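Structure record follows, encoded as structure tokens.
None of the values given here were measured: they were computed from a predicted structure. Heavy atoms only: backbone and side chains are in, while hydrogens, waters and symmetry mates are out. Residues: numbered from 1 along the sequence shown.
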Amino acid sequence: MKINLSPRLSSVASFVLPGKPCADIGTDHGRLPVYLIANDICPKVIAADQTETNILPARELIKLLDMEDRIEIRVGDGLEVLQPKEAATIVLSGMGGNSIKAILKGHESITLTAQRLVLQPQRATHLLRRYLAKSGWQIVDEDIVHDGDFYYEIIAAEKGRMELTEDEAEFGPRLLNGRHPLLKELLCYKKGIIHSIIDALDEDMGGEAQMRKRFLLQESKRIDNIIAQLEE
């Protein structure tokens, strides 16, 4: 049985350190662990999720493919399912940036023993990047994937020092410096969201709404400046 990953998960898989154990936290249907084993990317994968109900589809898939000797299923909250140095790569994908940050921060004794973090936040990516910079991690690679109707940002981080400008925290140091081919599309997408919020705020003449509108207009202008730099 061939396992095909979505463009989002394919990008996540490409950042996993080959030849070393990996932990997929919040594994959902378990397709990523199965792919990593089926393609001999990792010798062992820990597939974890919060509840037995959540992980049941993964359990059934792994049993169907007879991979129970190489994929270990664990049920628990965040990184509490891991022991120090048990996984070279820790994957956290498909959840909010604040949730990923809380998981990493809540179990730093585990987090800091990993060689690489592969993170795919659904939102609040800037908060996650700032947390990494403050916590002894540096971003070594980034990707943007257009999957369905959404754009996803994927981050690979390893231990090291990193300082971020406001633009780098918001839009990604590797994405900006490497002029990622989808960065302009992502920026235009974000600008569209900003202006849809501005349009809604136009109906509210209250002071807080107008302050919010001015901030959003500044953010829109900042995006325009970055797009102009990308087009140079």
Between D141 and A156, is there a donor-acceptor pair closer than 3.5 Å when you use the side chain of the first and the backbone of the second? no
Determine whether I37 and V91 fall in the same hydrophobic cluster, where Ile, Leu, Val, Met, Phe, Trp and Tyr are linked whenever their side-chain heavy atoms lie under 4.5 Å apart. yes
Report yes or no: do K159 and Q138 form a side-chain donor-acceptor pair below 3.5 Å? no
With no hydrogens and no angle check, do the side chains of D143 and S11 hold a donor and an acceptor under 3.5 Å apart? yes
d(L176 CG, D167 CG) to nearest 0.5 Å is 6.5 Å
Pairing of E52 and R59 as salt bridge, 4.0 angstrom limit: yes
Of all heavy-atom pairs between L17 and A88, which one has the smallest distance, and what is that distance? CD1-O, 4.2 Å
Atom CZ of R214 and atom CG of L216: how far apart are they, to the nearest 0.5 Å? 11.5 Å
For the side chain of R116 and the backbone of F15, is there at least one donor-acceptor N/O pair under 3.5 Å apart? yes
Testing E158, K85, K20 one by one against Q115 for a side chain to side chain contact (heavy atoms under 4.5 Å, CB included), which residue passes? K20
Does the E80 side chain pair with the main chain of D77, one donor and one acceptor, at a distance under 3.5 Å? yes
Nearest-0.5 Å distance that lies between atom CG in D199 and atom OG in S196: 7.0 Å
Donor-acceptor contact present, side-chain R70 to main-chain C42, <3.5 Å: yes
Scanning both residues in full, the closest heavy-atom pair of I71 with A47 reads CG2-CB, 4.0 Å
Determine whether a donor-acceptor pair (N or O, by modelled atom type, separation under 3.5 Å) exists between the side chain of T89 and the backbone of C22. no
Heavy atoms of G78 and I25 approach each other most closely as O-CG2, 3.8 Å
Would you indicate whether K184, at its atom NZ, is surrounded by more than 12 heavy atoms from other residues, nucleotides or ligands within a distance under 6.0 Å? no
Count I, L, V, M, F, W, Y as connected when their side-chain heavy atoms are under 4.5 Å apart, and connections chain through other members. Are L32 and I55 then in the same cluster? yes
Test item: D49 and V75 side chains (from C-beta on) under 4.5 Å apart, heavy atoms: no
Verify the cluster assignment for L65 and L56: are they in a single hydrophobic cluster under the rule of side-chain heavy atoms below 4.5 Å apart? no
For residues 93-109, which side-chain donor-acceptor pairs fall under 3.5 Å, sequence neighbours excluded?
unit_1, atom_1, unit_2, atom_2, d
H107, ND1, I103, O, 3.4
E108, OE2, Y131, OH, 2.9

In Å and rounded to the nearest 0.5 Å, what is the CG to CZ distance from L61 to R31? 7.0 Å
Check whether S135 reaches the backbone of L132 with its side chain - one donor and one acceptor, N or O, closer than 3.5 Å. no
From OG (S220) to CD1 (I193), nearest 0.5 Å: 12.5 Å
Short side-chain to backbone donor-acceptor contact, E142 and R174, under 3.5 Å: yes
Which pair of heavy atoms, one from A13 and one from L5, lies closest together, and at what distance? CB-CD1, 4.0 Å
Just do the side-chain contact (heavy atoms from CB on, under 4.5 Å) check on F150 and R8 with the steps written out, would you? CA-CA 10 Å; F150 301 98; R8 175 181 69 88; over 6 Å; no
Are E168 and N177 side-chain neighbours, meaning at least one heavy-atom pair lies under 4.5 Å? yes
P21 side chain near V45 side chain, heavy-atom distance below 4.5 Å: no
Below 4.5 Å, heavy atoms only, C-beta onward: do W137 and L112 meet side chain to side chain? yes
Passing option when R129 is tested against E153, E166, E163 for salt bridge (charged side-chain N to carboxylate O under 4.0 Å, His left out): E153
Is V118 linked to V140 within one hydrophobic cluster, defined over Ile, Leu, Val, Met, Phe, Trp and Tyr using a side-chain heavy-atom separation of less than 4.5 Å? no
All heavy atoms of I3 vs all of Y35, minimum pair found to be O-CD1, 3.7 Å
Salt bridge check, K191 against D224: does any charged N sit closer than 4.0 Å to a carboxylate O? yes
Full working for side-chain contact (heavy atoms from CB on, under 4.5 Å) between I154 and L119: CA-CA 6 Å; I154 298 95; L119 313 173; over 6 Å; no
Just wondering, do L92 and Q120 contact through their side chains at under 4.5 Å, heavy atoms? no
Would you find a donor on one side and an acceptor on the other, under 3.5 Å apart, between the side chain of R179 and the backbone of L230? yes
Closest heavy-atom pair, Q50 versus N54, reported as atoms and distance to 0.1 Å, is CB-ND2, 4.2 Å
Would you please classify the geometry between the Y151 ring and the Y189 ring as parallel, tilted or perpendicular, with 30° and 60° separating the classes? tilted
Is K221 paired with E219 through a side-chain N to carboxylate O contact shorter than 4.0 Å? no
Report yes or no: does H180 contribute a side-chain atom to a donor-acceptor pair with the main-chain N or O of L182 at less than 3.5 Å? yes
Salt-bridge present (E60, K63; N to O < 4.0 Å): no
Is a side-chain donor or acceptor of Q229 paired with a backbone partner of I226 at a separation under 3.5 angstrom? no
same_hphob_cluster(I155, L79) at 4.5 Å side-chain heavy-atom cutoff: yes
State, with a plain yes or no, whether a side-chain heavy atom of D24 is found less than 4.5 Å away from one of I46. no
Is there a side-chain contact between Y152 and Q122 (heavy atoms, below 4.5 Å)? yes
